[in-house]
Amino acid sequence: MANMEVNFCEVRLKNPIVASSAEPTLNARNMKKCIDAGAGGVIAKTMTDSPAMRELTTRSKWRFLNEHHEVCQGKVPRAFSLYGRSGLALEEPEEFLNDIKETLKYAVVHDAVVIGSIASTEISGWVKLGKQIEDAGVPLIELNFGCPHPKLMPGVRTGMNVGQDFDYACEITKAVAEAVEVPIMIKVTPQVTDLIQFSGLLKEAGAAAVTLTNRFLGFVPDIETGKPLIYGQAGVGGPWIKPLTLRWINEVRAAYREEIFIAGTNGAYDWRDVVQFIMSGAHIVELCSAVMVHGYKWLGKQVRGLEKFMNEKGYETIDQMRGIASDAAMAYADMPRERARVNPELCNNCGRCLNGCFYQAMQQGREHTWAKEDNCIGCGGCYSLCPVPGAIDIVIHQ
Ligand SMILES: Cc1cc2nc3c(=O)[nH]c(=O)nc-3n(C[C@H](O)[C@H](O)[C@H](O)COP(=O)(O)O)c2cc1C
């Protein structure tokens, strides 16, 4: 039987699937539902001393969008987008801490970990919130340097406005790391040029982990009305964004190996994605949008899916999977040379592969298509377009 336990910043989680800080963790009631569903942990909605960020949540709006970026209206495709405007925890910190404490008690009985999340607009505020939430009993604190919405709120210096200012972000990290005993993890915005450098700086400043990454800002016009959906720019993400997140996890893993813990978020939909996040280098994986579509039970379903996958593949521990894909990544210059090979028995001569060939390699014969060896550089376009499994293979020739 696979053991799904993980050590994340020296805190044990029974499994790596965590409900990320968002509406599914808005209060104790919601967090308990994540725990009941079987999540290894929950990250509470970001507690803040910013009245503007609390007030924004009272006017939250979001839409699930289909592949045309139109409102789904019932049928949410696998590659949906979640386009939304929302703020941070609704209650003032002193009140929200009661939800944290209540959830912590519940979590002990259910073997789950409750992680705090904080955001302020002043360094002293970050420190105060850090101490308050530590005193409430959380074993880990996430600092939210990734929330996209403050970018749209003049004068509100938190979230992404911090994550885009590396010096200020490190100052906050250092101040909070020195003020609290528990490890801190920094949730960053993807809207910067270099998360490798930033992760290193955050580590030096005292972060035990980075959370890669919060969501992007986007803009979606409604062509019927000529107006933007939900009144303007909004946070945007969804399962399709996964490769962009995994690219950063891959690079931070490659740069720092196990010297920094990685929480992955932004694009994990189901257990398959969780596996991809772990194989890229994540220690834990945070889920949000998929839970907002399918409900809390989705979390448990993915825990069971992950366990089944590990049992079938013979992975005994999460550690055995972590980073293996990142560690196998090759530089361009090291890639082997390849060629397409057509199996004439299976090829139905549909000619679709010709659409994907720009090297004049695929040739349509009377009976079947074939690959002209001298022209083929093995790009794989034909292989991806071929509708018959096994009719085209890509083989190493050098
Ligand atoms: C409606 C909504 C509210 C969110 N609120 C917060 C928040 O309070 N704090 C935070 O750190 N991230 C917040 N996030 C970001 C999520 O925690 C998560 O990192 C992000 O949605 C990417 O994960 P996903 O692809 O599983 O949705 C929010 C996201 C959404 C959609």
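We count ligands from 1, going down the list as the structure has it; atoms in each ligand are counted the same way.
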Looking only at protein heavy atoms, identify the closest one to [atom] and say how far it is in Å.
{"atom": "atom 31 (C) of ligand 1", "result": "Leu82 CD2, 3.4 Å"}
{"atom": "atom 21 (O) of ligand 1", "result": "Arg215 CD, 3.0 Å"}
{"atom": "atom 6 (C) of ligand 1", "result": "Ser21 O, 2.9 Å"}
{"atom": "atom 8 (O) of ligand 1", "result": "Lys45 NZ, 3.0 Å"}
{"atom": "atom 30 (C) of ligand 1", "result": "Cys288 SG, 4.0 Å"}
{"atom": "atom 4 (C) of ligand 1", "result": "Ala22 CB, 3.5 Å"}

Per-atom contacts of ligand 1 with [X], taking only distances under 4.0 Å to non-hydrogen atoms:
{"X": "Thr265", "value": "18 (C), 19 (O), 20 (C), 22 (C), 23 (O)"}
{"X": "Lys187", "value": "10 (C), 11 (O), 12 (N), 15 (C), 16 (C), 17 (O), 18 (C), 19 (O)"}
{"X": "Met292", "value": "1 (C)"}
{"X": "Glu23", "value": "1 (C), 2 (C), 3 (C)"}
{"X": "Gly267", "value": "24 (P), 25 (O)"}
{"X": "Leu287", "value": "26 (O)"}

| said: Checking Asp194 against Phe198 for the side-chain contact (heavy atoms from CB on, under 4.5 Å) test, could you report, in this order, the C-alpha distance in whole Å, the side-chain angles of both residues, the deciding distance, and whether it holds? | reply: CA-CA 6 Å; Asp194 191 352; Phe198 192 28; over 6 Å; no
| Counting heavy atoms only, which part of Asn266 comes closer than 4.0 Å to ligand 1: side chain, backbone, both or neither? |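 The answer is both, backbone and side chain.
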| said: I need the contact type for Thr211 against ligand 1. Using non-hydrogen atoms and a strict under-4.0 Å cut-off, is it side chain, backbone, both or neither? | reply: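 None of Thr211 does.
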For [X] and [Y], which I'm curious about, is there any donor-acceptor pair between the side chains at under 3.5 Å?
{"X": "Ser81", "Y": "Trp240", "answer": "yes"}
{"X": "Ser21", "Y": "Glu142", "answer": "no"}
{"X": "Ser117", "Y": "Asn144", "answer": "no"}
{"X": "Gln191", "Y": "Lys151", "answer": "no"}
{"X": "Asn250", "Y": "Ser326", "answer": "yes"}

| said: Any side-chain to backbone donor/acceptor pair from Asn266 onto Ile241? Under 3.5 Å, distance only. | reply: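 Between the backbone of Ile241 and the side chain of Asn266 there is no qualifying donor-acceptor contact (under 3.5 Å).
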| task | Counting heavy atoms only, name the option from Ser86, Ser289, Gly146 that's nearest to atom 1 (C) of ligand 1. | result |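 The residue whose heavy atom sits nearest atom 1 (C) of ligand 1 is Ser86.
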| task | May I ask you to decide if the ring planes of Tyr269 and His294 are parallel, tilted or perpendicular, using 30° and 60° as cut-offs? | result |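 Tyr269 vs His294 ring planes: perpendicular.
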| task | Using the side-chain contact (heavy atoms from CB on, under 4.5 Å) rule, take Val6 and His283 through it: C-alpha gap first, then chi angles, then the decisive distance, then the call. | result | CA-CA 7 Å; Val6 279; His283 293 75; 5.7 Å; no
| Check against salt bridge (Lys or Arg N to Asp or Glu O under 4.0 Å), Glu91 and Arg54 | CA-CA 7 Å; Glu91 296 82 10; Arg54 293 198 297 267; over 6 Å; no
| message | Are any of the N/O atoms on Thr46, whether in the backbone or the side chain, positioned under 3.5 angstrom from an N/O atom of ligand 1? | response |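 In this structure, Thr46 places an N or O atom under 3.5 Å from an N or O of ligand 1.
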